[in-house]
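Proteins get letters first, then strands, A, B, ... in listed order; numbering begins at 1 in each.
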Amino acid sequence: MSAVSAGGGNRSTTLFVLRNAPVLLFIVLLACFGLMSDRFLTVTNFVNIVIQAAHIGIIAIGMTFVLLIGGIDLSIGANMYIVAAVLGLFLKDLPLAISFPLVTLIGLAFGAVNAWFITRLRVAAFITTLSTLFIGRGIALYFSGNKMVGFSPEVLALGRASYFGVPSAIWGFAIVFIAAYVTLSQTTFGRQIYAVGADPDAAGKAGIDVRRIVFSVYCIAGVCAAIGGLISLSQVAVASSTFGFQKEFPVIAATVLGGTSLFGGRGGVLGTVFGAVLIQTVENGLVMTNADPYLYPLVISIIIFIAVFIDSSRNSILERLERRQIRVERV
Amino acid sequence: MSSTQSITPGSAAEATRPQRSFAVRLLMSEYLVLVLTAIYFLVMWALVPSIATADTLLDILAAMMPLLVVAIGQTFVLIVAGIDLAAPSILAAASVAGASMMTGEGGFALFTGVPIGVGILAFVGVGLLIGLLNGVCVTRLGMPPFIVTLTTMMFFSGFALFYTSALTDDGSSFGDLPSAFVAIGQGTWHGVPYSLALAGAVMLVAHLTLSRTVFGSWLYAIGRNPRAAAISGVPVRRAVLWAFVISGLCGGIASIIYTGRLETGTPVLGQRILLDIVGSAVIGGVSLFGGKGRVTWTLYGVLFLSVVDKGLQLLGLDLASVFAIKGLVILSAAVLDAVRHRLTLRG
Amino acid sequence: KAEGSKTVALLFDSLVSPFWVSGIEIMREKAKAKGWTTLENISNFDDNKQFEQVKAMISRKVDGILIIQTDAKAVIPAIRAANAANIPMVHFNRPPAKSDAYSVAIQADNRKIMQDTVGFMVAKAKKQGGKYKACILIGDLGDVNAIQRRDGFFDVVNANKDIIDVVARVSTEWNADKAFAGLTNAIQANPDINFLVTSSDFLHPQIEQVLKSANKWHKTGEAGHVLFGGFDGDEGAYARLQDGYLDACGVQNLFLEVDMAFGAFEDLWAGKKPEKLLLDPGFVITQEDLMAKRDQMWGYTVWKKMQKG
Amino acid sequence: MTAAPFFEASGLCKSFFGVQVLHGMGFTLRPGQVLGLVGENGSGKSTTMNILGGVLPMDAGRMTLDGADYHPRGPREAEARGIAFIHQELNLFRNLSVAENLFITGFPKRIKGLPFIDRGRVAARTQELLKAVDLDIAPNTPVSRLSQGERQLVEIAKALGANARIMIFDEPTTSLTTRETDRLFDIIGRLQRQGIAIIYISHILGDVMRLCDDIVVLRDGHKVGQAARADMTIEKMITLMVGRTIDQMFPPREPPVTLGAPVLEVRGLNQRGMVKDIGFTLRAGEVLGISGLMGAGRSELARILFGMDPHESGDIRIGGTQVRELSPAACMDHGMAFLTEDRRAEGLMMEASIADNIALASLPKFGRSWAGFIERTRLGDEVQRISGAVRINARDIQRTLVKNLSGGNQQKAVIGKWLLHEPRVFILDEPTRGIDVGAKYEVYKIINQLAADGAGVLFISSEIEELTGMCDRIMVMAQGEIRAEFPRAGFDREAILRAAMWHGMKETA
Ligand SMILES: Nc1ncnc2c1ncn2[C@@H]1O[C@H](COP(=O)(O)OP(=O)(O)OP(=O)(O)O)[C@@H](O)[C@H]1O
Ligand SMILES: Nc1ncnc2c1ncn2[C@@H]1O[C@H](COP(=O)(O)OP(=O)(O)OP(=O)(O)O)[C@@H](O)[C@H]1O
Ligand SMILES: [Mg+2]
Ligand SMILES: [Mg+2]
C-alpha cells in the first residue's frame with residue numbers, strides 16, 4: 001500500500017527517466033556490445049543494423065495500423081512472396097519506375113481482398129488472413145514452380161545503392177515511417193483509427209465510417225508488405241519458395257515489442273520502429289561478438305523479455321504517478 | 001468463425017418462428033464446422049476412396065490426438081483473452097528433456113532400468129514449469145501474454161536445440177526410447193489407441209472444468225471483462241496463472257504422445273504447428289478476444305484441420321495446389337460461418 | 001501390378017533450395033520415363049506431419065516411398081509402418097538412424113565432400129601464402145546434413161590453425177534473410193575475412209550481394225579475392241565457377257543419386273535386398289577442372305537449359 | 001411563440017430478434033421546443049432516439065425533416081442533417097484526449113484540401129466548448145482520466161460543437177450533481193432561445209417537469225400519452241408510465257430504534273492527493289449517505305474502502321475485524337459489496353447473459369466438492385429469484401445478453417449481482433443511475449430491507465432528495481475530506497449544498 005514517494009523536482013526527473021526507459025535500455029545494450037566488440041559502435045555498423053531491420057520494420061508499420069484497430073494480418077508473408085514472384089517472373093524487363101509501383105499495387109490488391117472478406121462478409125480477420133496466407137502462397141508457387149526467382153540487375157543494384165550517402169533501404173524505411181507517423185498523429189483518418197480500435201461500436205455511433213477505416217487499414221498493411229518485400233528481395237537477391245514464409249511472427253513481435261496492443265487502440269509506429277531495430281541490434285551484436293549460434297535465440301529472447309518487463313513496469317508506475325488528483329496537497 | 005454461445009438472443013425467440021428446414025437448422029447450429037468436415041470428407045471420398053478405409057480413419061483419429069491436447073490447453077488461455085505462443089517450445093523442450101531421461105544414447109543412462117515414470121514426470125514437469133513461468137510473468141509482472149510467450153518460445157526452442165546438441169553425438173535428436181514408452185504413442189488396447197484414451201481423458205476433464213466448475217466460470221468472466229471480474233471478487237491473477245499452467249501441462253502431455261509416436265525426442269517438434277494450434281481453436285469458434293470458447297468447439301476445429309490435411313496428403317498434389325486448396329477450404333468454411341452468423345442476427 | 005504402372009510417393013521435407021527443386025523435377029521426369037505415377041507431399045520440416053504423410057501414402061497403397069526426412073531418428077516409426085505394409089522405402093540424401101527396420105538410403109558423403117572442398121581451398125591458400133580469416137555459413141542446426149558439413153569444415157580448418165583463423169560462424173537456419181544479415185554483420189565485424197565457405201549453394205546470391213556491397217566481390221587472381229567454397233553444385237555455383245568467383249564446390253551427384261534411388265526400388269520390387277546405405281561419393285569441382293567434370297554436375301545441366309530457354 | 005413543426009415522426013416500429021419493442025411511436029418538433037420523453041426502463045426511449053440519430057434502421061414508419069423524407073442511413077448522415085445525439089451509454093474513446101473526442105468525426109484542417117489537423121484550432125475550440133459546460137480541464141487530458149461526471153460533460157460539449165438543429169439528450173444527468181445539472185439547464189435554455197429543438201429523456205421526472213414544454217410518455221413501446229407541461233403532473237406521468245399510481249417516491253423509512261454493532265469503521269484514512277483524514281463508523285441497520293459535488297472524492301473513498309485503490313495510512317475494520325490487505329476478494333470475504341458507478345466497464349460482462357452476470361460474485365457459494373462443481377439448479381433458482389426481486393425486464397435471463405438490455409435494466413442486473421452475495425456492508429455508488437421511478441422504488445425497498453436485516457449501507461448519490469429520503473445520516477465530502485455530517489433530524493438541502501461547495505484548500509492557499 002505504499003505510494004511512490006516522489007515530490008516536486010525529484011518527481012519530474014523520475015518521470016523523465018521512466019518515460020525514456022526503453023531508450024535507456026537501448027543505450028545500455030549498445031554499451032555492452034560496444035565493450036565486447038570494438039567494431040560494434042561504429043556508424044557503418046549502425047547503418048547495417050537499420051538496413052537489416054528495414055524490411056521487417058516497414059511491414060511491421062503496416063501491421064501496427066492493423067493491430068491498432070484490433071485486427072491481425074497473418075498473410076503478409078504470402079503477400080511478399082507474390083510480389084517477389086510477379087516482379088521476378090513477369091516484370092523483369094520493365095524499368096523499376098514502372099515495375100515497382102505495379103507490384104505495390106498488387107500488394108494493395110492483396111490487402112483489399114483481405115479487407116473485403118473482413119468488412120463485407122464479416123469473416124474474422126485471423127481466419128481470413130490465415131486462409132489468404134495459404135492461397136496467396138499457393139498461387140505464387142504455381143507461378144514460380146517452387147524455383148528460385150531471380151531479379152534484374154537493376155533491382156539488385158538498387159539493393160546496394162545509396163542516395164546522398166544514405167542506403168536505399170533506409171530511405172524506404174524512413175519514408176514509410178514518416179508517412180505512417182504523420183498519418184496516425186496528424187490526420188483525422190489516423191485519429192479515427194485509434195477510435196475504432198478503442199471501441200468500434202461507439203465509433204459507429206459517433207458517425208465514423210468504421211468499415212472504410214478497417215478496409216483502408218488492411219490495404220495499408222498490404223502496401224507495406226509489398227514495399228517491405230521489395231526491400232528484402234533487393235537485398236537477398238533471389239526469392240526462394242520460402243521467401244516471406246512465417247514472416248508474420250517477427251513482424252508482429254516487433255510491433256508488439258514497440259508497445260502496440262493486440263487488442264486495439266493503443267500504440268504507434270515510433271515504437272514499432274524501435275522494436276524492429278532493437279531485435280536487429282541484438283542479432284547484430286551477437287554476430288559481432290562471434291557468439292555461439294546456439295546461444296542466439298537464448299540471448300535475444302532474454303533481451304526482448306527484459307525490454308518488455310521494463311516497459312510494463314514503467315507503464316504501471318507512470319500510471320500511478322500521473323494520476324489526476326482531487327486534492328492540492330501542500331508540501 | 002465465431003458463434004455466439006447457445007445464449008444467442010436469437011434462440012430466445014426461436015419458438016415463435018416457423019420451423020426451419022433441417023438444412024437451415026444445421027447451418028445455424030454450433031455444429032457447422034462438423035457439417036463442413038463431413039462435406040469435405042464426402043468430396044474427398046469421391047476423389048480418393050482410400051480416405052474412407054478403417055485404417056485411414058483410425059489414423060486421422062490417432063494423429064489428431066496430440067494436436068487436440070495442446071489446442072485444449074490453448075483454449076484455456078484464449079478464454080482469458082491471453083495467447084500461448086510458447087506451446088511449440090513446450091512440445092520441443094518437454095520432448096528432449098523427457099526423452100533424454102529415458103535413453104542411454106546420449107541421454108542420462110543412469111535411469112536405465114528405472115521405470116519410465118521418471119521420463120514422464122520430466123515431460124509433465126517441463127510443461128508445468130514453462131506454463132508457470134509464462135503465468136507468473138503475465139500475472140505478477142504485468143507483461144502482455146503475447147510477448148511473454150513469444151520470448152519463452154524463442155528461449156525454450158533455442159534451449160531444446162542447445163540441450164540436444166550438447167548431449168547427442170549427431171546433435172539432432174534423442175532416439176532409442178524404451179518400448180513401453182513408445183507404446184503410449186503407438187500402442188492400442190483392443191484396437192483403441194492409448195493416445196485416444198489419454199486425449200479423451202484430458203478432454204473430459206477440461207470440458208467439465210470449463211463448463212461445470214467455479215474455476216471455469218471465473219475464466220470466462222475474466223475473458224469477458226477482467227475489471228468487472230476482479231471487482232466481483234474473482235481471483236483474476238490466480239486464475240490466469242492457472243490457465244497458463246494448464247496450457248503448459250497439456251503441452252507436456254501432448255509431447256508425450258508426439259514423442260512416443262515418433263520414438264524420438266526432437267528439439268524441432270511442433271515448431272511449425274503454432275498456427276494449427278491457435279487456428280484450430282479459432283476455427284472451432286473460440287474467440288481470440290476472450291470469454292468465448294468450448295472444449296468441444298476446439299475438438300471440431302482440430303478435427304476439421306486434421307481431415308483437411310489428411311485429404312490433401314492422400315491426394316499427393318504439388319505444393320502450390322496443396323496450399324491453394326487448404327486456404328480455399330478454410331476460407332469457404334469461414335465465409336459460410338459468417339453468413340450463418342448474419343442469418344442468426346437477422347432472426 | 002504390372003511393371004509399367006507403379007506409383008511412387010515423393011515425400012520431401014522442403015523445397016527451399018535448387019538442390020531439392022531440381023531433385024524433385026529430375027525424379028518426376030525419370031519416373032515418367034519409366035511409366036510410373038508420382039504422388040507428392042512436402043512436410044515443411046515437421047517430423048510428425050511427415051509421419052502422417054507416410055501413413056497416407058500407405059493408405060493409398062503406393063509401390064514405393066521415397067523420403068527426405070528431417071530427423072534421422074524420428075523417421076524410424078515411418079519405416080516400420082512401411083515395412084509392415086510391405087512397401088519399399090528409400091531415403092534420399094539423408095540416411096535414417098540405425099534400427100531394426102529395413103530401408104535403403106542414398107546419401108552424399110557430406111563430411112568427406114566438405115573436407116575435400118575445404119582441403120582444396122586450404123591447399124590453394126597455402127600456395128598463395130599469407131594468413132586467412134575464415135567465415136562459414138552454417139545451415140539449420142537441427143539438420144544432420146548441415147551438421148556434417150559444418151564438421152567437415154572444422155575437420156580441415158582445425159588441422160590448419162597456423163594459417164586459418166575462423167572468425168565468424170553465421171547461423172543461417174537455411175534462411176536467406178538470416179544469411180544476408182548474418183554475413184553482413186560478420187563482414188562488418190571482420191572486414192578482413194578472406195576465406196568463405198557456405199554449407200549450401202542456394203545462399204550464393206546473398207553472399208554475392210553482401211560481398212559486392214563490401215567491395216569484396218572479385219575474381220580469382222584479382223586483388224582482394226575472397227577464397228570461396230560452396231556445396232551442392234547448383235546452377236548458380238556453376239555460373240560462379242565459370243565466371244571465376246567461386247573457387248571450389250562440393251558437388252552432390254544428383255543424377256546419380258536419383259538413379260541409385262530408383263534402382264533401389266526396382267531391386268526391392270524384384271525381391272533383392274540392397275545394402276541399407278548407398279553412398280554417393282560426390283566430388284569436388286574447381287575452376288581448374290570445371291570443363292572436365294562439368295557434365296557430371298547437375299547444376300550445369302540446369303544452367304544449360306536456362307541458357308536455352 | 002409557436003412556430004410550425006419542422007420535424008415529424010409517425011408510426012415508428014422496431015423489432016429485435018423477432019420481438020417488437022416499438023409500436024407506432026410518433027411525435028413532432030418545433031424550433032425552440034423542449035420535448036420530454038419518459039417511460040419505464042426498456043419502454044423504447046433510447047430505441048426511438050437511435051432511429052432518429054441513424055444508429056438503428058426502423059422497420060416501419062416515417063420521418064420528415066422540413067417536409068422532406070428523412071431516413072438516415074447512419075449517424076453520419078443524421079449529423080449532417082443537423083441532429084446531435086448524446087447517448088445514454090457514454091460514447092467516448094478512452095485512449096484519446098478530450099479535444100480529439102470532440103472532433104473525431106471531423107477535425108479542422110490546417111490547409112484546405114490536405115488532411116492535416118490544425119491542432120491549434122482544435123485546442124482553442126475545445127477550450128471554448130469546455131467553458132460552455134463549465135469544465136475546467138486541459139484539452140489534451142486523456143478521457144481515461146476523467147470521472148463519469150466529467151465524461152458526461154464532455155459528451156454534452158461535443159454535442160454543442162455540432163451546431164445542430166435537433167439535440168437529443170438521453171439521460172444526460174445521471175452522473176451530474178446539482179450544480180452541473182443547473183448549469184446544463186441553463187445551456188438548454190440558451191439553445192432553446194436559439195431555436196434549437198431539444199428532446200430530453202430522463203427518469204428524474206421533476207427535471208422533466210421543470211424543463212420541458214411538452215411531454216411524451218411511452219409504455220412497452222406504445223405512446224400512451226402526450227401533453228403540454230401545463231396539462232401534466234408528475235403523478236399523471238407515473239400513472240401513464242407504469243399503469244398504476246405510485247403515491248410516494250420513497251418507501252417509508254423507519255430509523256432503527258437502536259443501532260447495531262459497527263460493521264464498518266474507518267479511522268485516519270489518507271491517500272495523498274485523494275482523500276484526507278477520513279473517519280466514520282457505519283453500524284448495522286444504518287443507511288449512511290455521502291453527498292458532495294463532482295470530484296469531491298466520494299467514489300475514490302469507496303474504491304479505497306473496497307481495496308481497488310491503495311491508501312497510505314488508515315485503519316479499516318469490517319465487521320469488527322481489521323483488514324490489512326484490502327482487496328475486493330478480501331472485502332467480499334468480510335461481507336462487503338460495492339456497486340461501482342461505471343457499470344459498463346466495471347460492473348458488467350456485456351457479452352454474457354443476465355444470469356451469468358448475477359451469479360458472478362457468488363459463484364464460490366454454489367461450488368460443491370473440492371473441484372468446485374457448480375450446483376446449477378440451486379444457482380439457477382437463486383438467480384431467478386434475484387432477477388425477479390430487482391424486476392429485470394427480460395424474457396429469458398439465461399439467454400438474453402446484458403448488452404441487449406436497456407440502460408436501466410443493466411443497472412438492475414448489477415444490483416442483483418450484489419444482492420445474491422448477501423452483503424453485510426453494501427457500498428452503493430450512484431445505485432439508481434438511469435433507472436425508472438418504479439424500479440427506484442424497488443431499489444429503495446431493497447435497501448431498506450437490507451438495513452432491516454442488519455446490514456450497513458453506504459449510499460453515495462448526487463441526488464440530494466434521494467439521500468434525504470433514504471438515509472439515517474448524511475456525510476458531505478469536498479476535496480477528499482468529510483466536511484459535515486447531518487443526522488436525519490437535521491437534513492437541510494441548503495446546508496448540505498453549502499457544505500459541499502467548500503473550497504478550503506484553494507481559499508487558504
Ligand atoms: N440491440 C438490442 N438488441 C436486442 N434488444 C434490444 C436492443 N436494444 C434495445 N433492446 C430492447 O429494446 C427494448 C427497449 O430498449 P430501450 O433501450 O429503448 O429502452 P429505454 O426506454 O431507453 O430504457 P432505459 O430507461 O432503461 O434506458 C428493451 O426491451 C431492450 O431490451
Ligand atoms: N480512473 C481514474 N484515474 C485517474 N483519475 C480519476 C479516475 N477516476 C476519477 N478520477 C479523478 O478523481 C476525481 C474524483 O472523481 P469523481 O468525480 O468520481 O469523484 P466523486 O466525488 O465520486 O464524484 P462523482 O461520483 O459525483 O462524480 C476526479 O477529479 C477525476 O478526475
Ligand atoms: Mg435508454
Ligand atoms: Mg463518483
Side-chain angles (χ1 to χ4, degrees), chain A residues 1-7 11 68-70 179 181-213 216 259-261 263-268 316 318-331, chain D residues 50 53-55 74-80 85 87 89-96 100-101 103-107 109-110 114-117 119 137 141-143 145-147 158 271-276 295-297 300 309-314 324-326 403 479-481 505-506 508-509:
Chain A
M1 305 280 122
S2 72
V4 180
S5 49
R11 179 172 143 154
L68 276 176
I69 59 137
Y181 185 82
V182 170
T183 304
L184 279 182
S185 63
Q186 299 298 325
T187 68
T188 304
F189 173 67
R191 301 322 290 169
Q192 289 186 343
I193 287 177
Y194 282 87
V196 170
D199 189 342
D201 289 342
K205 280 192 196 164
I208 295 173
D209 192 343
V210 177
R211 264 194 205 182
R212 188 180 65 96
I213 303 264
S216 331
T260 298
S261 159
F263 294 94
R266 217 158 45 78
S316 61
L318 271 181
E319 215 165 88
R320 237 184 302 155
L321 283 182
E322 293 181 336
R323 251 193 100 161
R324 257 187 60 199
Q325 308 199 325
I326 54 181
R327 295 176 49 79
V328 189
E329 306 275 354
R330 275 171 298 189
V331 193
Chain D
N50 279 329
V55 177
R76 227 181 145 71
E77 189 178 333
E79 196 188 314
F85 191 174
H87 290 270
E89 295 302 325
L90 298 184
N91 237 339
L92 297 175
F93 305 102
R94 296 166 50 92
N95 56 341
L96 299 181
E100 288 177 329
N101 265 286
F103 291 98
I104 191 69
T105 46
F107 286 92
K109 306 280 159 57
R110 201 172 288 186
L114 288 181
F116 305 114
I117 297 170
R119 295 267 173 199
I137 48 174
T141 315
V143 164
R145 281 169 53 196
L146 301 184
S147 70
K158 183 173 169 186
Q271 168 69 28
R272 179 179 290 273
M274 291 293 164
V275 295
K276 184 172 175 201
E300 274 58 34
D309 286 342
H311 63 277
E312 282 154 356
S313 63
R324 286 185 198 284
E325 283 288 321
L326 275 185
K403 71 168 177 189
Q479 302 214 338
E481 294 177 47
M505 250 352 143
K506 277 178 194 155
T508 49

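Distance check, rounded to the nearest 0.5 Å: CZ of D:F116 to OG1 of A:T188 gives 11.0 Å. With rounding to the nearest 0.5 angstrom, the CZ atom of A:R191 is 10.0 Å from the CG atom of D:N101. Within the model, atoms CD of A:Q192 and CZ of D:F107 stand 7.5 Å from one another, a figure rounded to the nearest 0.5 Å. Rounding to the nearest 0.5 Å gives a distance of 11.5 Å between OG1 of A:T187 and CZ of D:R110. We find the CG-CD distance between A:D199 and D:E89 to be 11.0 Å, quoted to the nearest 0.5 Å.
The choice from D:R94, D:H87, D:E77 that makes the most heavy-atom pairs within less than 4.5 Å of chain A is D:H87. Ranked by heavy-atom pairs under 4.5 Å with chain D, the list A:G190, A:A195, A:G265, A:S185 is led by A:A195.
Under a cut-off of 6.0 angstrom, the local environment of CZ in A:F189 is crowded, with over 12 non-hydrogen atoms contributed by other residues, nucleotides or ligands.
For the pair D:I104/A:Y194, no side-chain contact is recorded, criterion being any heavy-atom separation below 4.5 Å from C-beta on.
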Donor-acceptor pairs under 3.5 Å, side chain of residues 203-213 of chain A to any protein atom, not counting sequence neighbours: which ones?
| unit_1 | atom_1 | unit_2 | atom_2 | d |
| --- | --- | --- | --- | --- |
| A:D209 | OD1 | A:R212 | N | 3.4 |

